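For reference, the structure discussed in these notes is given below.
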2 protein chains.
Amino acid sequence: MEKSTEQENDTLDKCLAILRKQGYKITPQRRAVLAAFGSCGRFATVQQLLEVVRRTQPDVSLDTIYRNLTLLAELGIVHEVHRPSGNAFEVVAPGHHHHHLVCTECGKTECINICPMNKLYEKEADKRGFFVTGHVFEVYGLCASCRSRLLKK
Amino acid sequence: MEKSTEQENDTLDKCLAILRKQGYKITPQRRAVLAAFGSCGRFATVQQLLEVVRRTQPDVSLDTIYRNLTLLAELGIVHEVHRPSGNAFEVVAPGHHHHHLVCTECGKTECINICPMNKLYEKEADKRGFFVTGHVFEVYGLCASCRSRLLKK
DNA sequence: TTCCTAAATAGTAATTTTCTTAATTAATAT
DNA sequence: ATATTAATTAAGAAAATTACTATTTAGGAA
């Protein structure tokens with residue numbers, strides 16, 4: 001049985017608070033999905049989350065995982081990362097918004113702490129009457145080791 | 001029967017040239033996928049492309065559409081747009097790289113002619129030994145009409 | 001506490017996307 | 001032209017994702 005760190009419980013509480021504030025219900029399934037991230041490393045796939053959640057709640061449906069991930073992503077609580085081996089999700093602590101460099105060969109994922117969604121783009125959106133609610137920015141390429149393995153020939 | 005404009009043929013030829021230069025084969029199916037964009041408006045879905053391609057080549061498999069779209073996207077010939085009603089693809093003429101504002105309500109899609117993939121990000125990638133090959137940037141929100149319909153309450 | 005209601009869920013079905021394999025075919029050299 | 005080879009393909013199976021419907025339940029009100 002995994003032990004949950006204080007840090008993890010803290011993150012969980014903050015996420016639940018966001019849900020509550022926005023009027024969403026705190027169901028055992030929803031709580032379990034959030035808690036499951038603690039047992040999946042930084043990035044969790046849908047299948048990993050399903051497996052972990054079912055340890056405590058065997059009847060949870062796959063749809064519930066997807067539905068909750070979609071909601072959590074809309075609220076900015078989790079981020080989706082598109083990797084060659086399939087998609088994964090990570091919990092984003094409030095105020096730590098960031099983006100990713102993804103290696104298309106091995107799937108290695110690193111954070112970039114600069115965000116393109118600055119005034120320039122918001123102004124561009126405003127000009128057209130768009131009300132911005134979110135954005136996706138991901139950079140693809142070869143990580144250092146795949147680069148030297150594949151390109152030095 | 002759709003007539004193809006000179007402009008379309010020109011675009012098609014340029015796309016084929018890119019494929020040839022990179023050593024990819026010009027199969028009838030591949031040519032048909034590219035040509036099909038001419039009959040699908042600016043944005044084409046996988047199903048629309050399949051339907052158009054099958055008018056001339058009834059045995060083309062769905063997998064072929066997907067496989068070629070993946071390749072064309074890797075080469076920067078087409079761009080994928082993630083919309084609430086499903087994904088769509090558009091042909092990007094060389095030198096006209098751009099990004100999109102997507103309305104999450106109605107799916108309306110507009111171009112933004114500024115790209116975040118500037119020196120700043122390349123430098124960030126370089127620092128970590130990453131070799132950048134591509135990127136995704138999409139902005140989501142509500143278009144002018146959905147905005148006034150939904151938010152003015 | 002009990003009741004009410006909209007939200008959320010399980011279970012299932014449908015759809016979309018990816019993978020596997022054997023056969024076909026375009027491009028190149030002969 | 002013909003043969004060779006590696007890329008591409010069709011077909012079917014598998015995996016991932018989304019949609020549908022009847023039922024359950026969290027959270028607020030009485």
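Computed from heavy atoms alone, side chains included, the values below leave out hydrogens, waters and symmetry copies. Just so we're on the same page: letters track the sequence lines, and every chain starts at 1. Just so you know, these numbers come straight off a predicted model, no measurement behind them.
- Regarding contacts with the backbone of dT16(C), every side-chain N or O of Asn87(B) stays at 4.0 angstrom or more from both OP1 and OP2.
- Across all strands, Ile26(A) comes closer than 4.0 Å only to sugar-phosphate atoms, never to a base (heavy-atom distances).
- Considering only the side chain of Tyr24(A), dA8(C) comes nearest among dT18(C), dA8(C), dT17(C).
- Within the 4.0 Å cut-off from OP1 or OP2 of dA8(C), not a single side-chain nitrogen or oxygen of Thr27(A) is found.
- For Leu19(B) and dA7(D), the CG to P distance is 15 Å, given to the nearest whole Å.
- Here His100(B) and His98(B) bring their ring centres to under 6.0 angstrom of each other.
- Between Pro28(B) and Thr70(B), the one whose closest nucleotide on DNA chain C sits nearer the 5' end is Thr70(B).
- Side-chain polar atoms of Thr64(B) and Arg67(B) form a donor-acceptor pair below 3.5 angstrom.
- Of the residues near DNA chain D, Val60(B) and Pro84(B), the one whose nearest nucleotide (by heavy atom distance) lies more toward the 5' end is Val60(B).
- Among the protein residues, Pro58(A) comes within range of no part of the nucleic acid, since none of its heavy atoms lies under 4.0 Å from any strand.
- Residue contacts for Asn68(B): at a heavy-atom cut-off of 4.0 Å it reaches the sugar-phosphate backbone alone, with no base atom in range.
- The six-membered or imidazole ring of Phe137(B) lies away from that of Tyr121(B), with a centre-to-centre distance of 6.0 Å or more.
- Taking 4.0 angstrom as the limit, Tyr66(A) places a side-chain polar atom (N or O) nearer than this to OP1 or OP2 of dT17(D).
- You'll find that the side chain of Lys25(B) is closest to dA7(D), out of dA26(D), dG11(C), dA7(D).
- Ion pair Lys127(A)/Glu124(A) flagged as a salt bridge, since at least one NZ, NE, NH1 or NH2 atom sits closer than 4.0 Å to an Asp/Glu carboxylate oxygen.
- Proximity of Arg30(B) to the phosphate of dT8(D): a side-chain N or O atom is located under 4.0 Å from OP1 or OP2.
- Summarising the geometry, the separation between CZ on Arg20(B) and C1' on dA7(D) is reported as 16 Å, rounded to the nearest angstrom.
- Between Gln29(A) and dA10(C) there is a side-chain N or O to OP1 or OP2 distance below 4.0 Å.
- Under the 30°/60° scheme for interplanar angles, the aromatic rings of His135(B) and His99(B) are found to be tilted.
- Atom CG in Asp63(B) sits about 9 Å away from atom C1' in dT17(C), given to the nearest Å.
- Regarding contacts with the backbone of dT18(C), every side-chain N or O of Arg67(B) stays at 4.0 angstrom or more from both OP1 and OP2.
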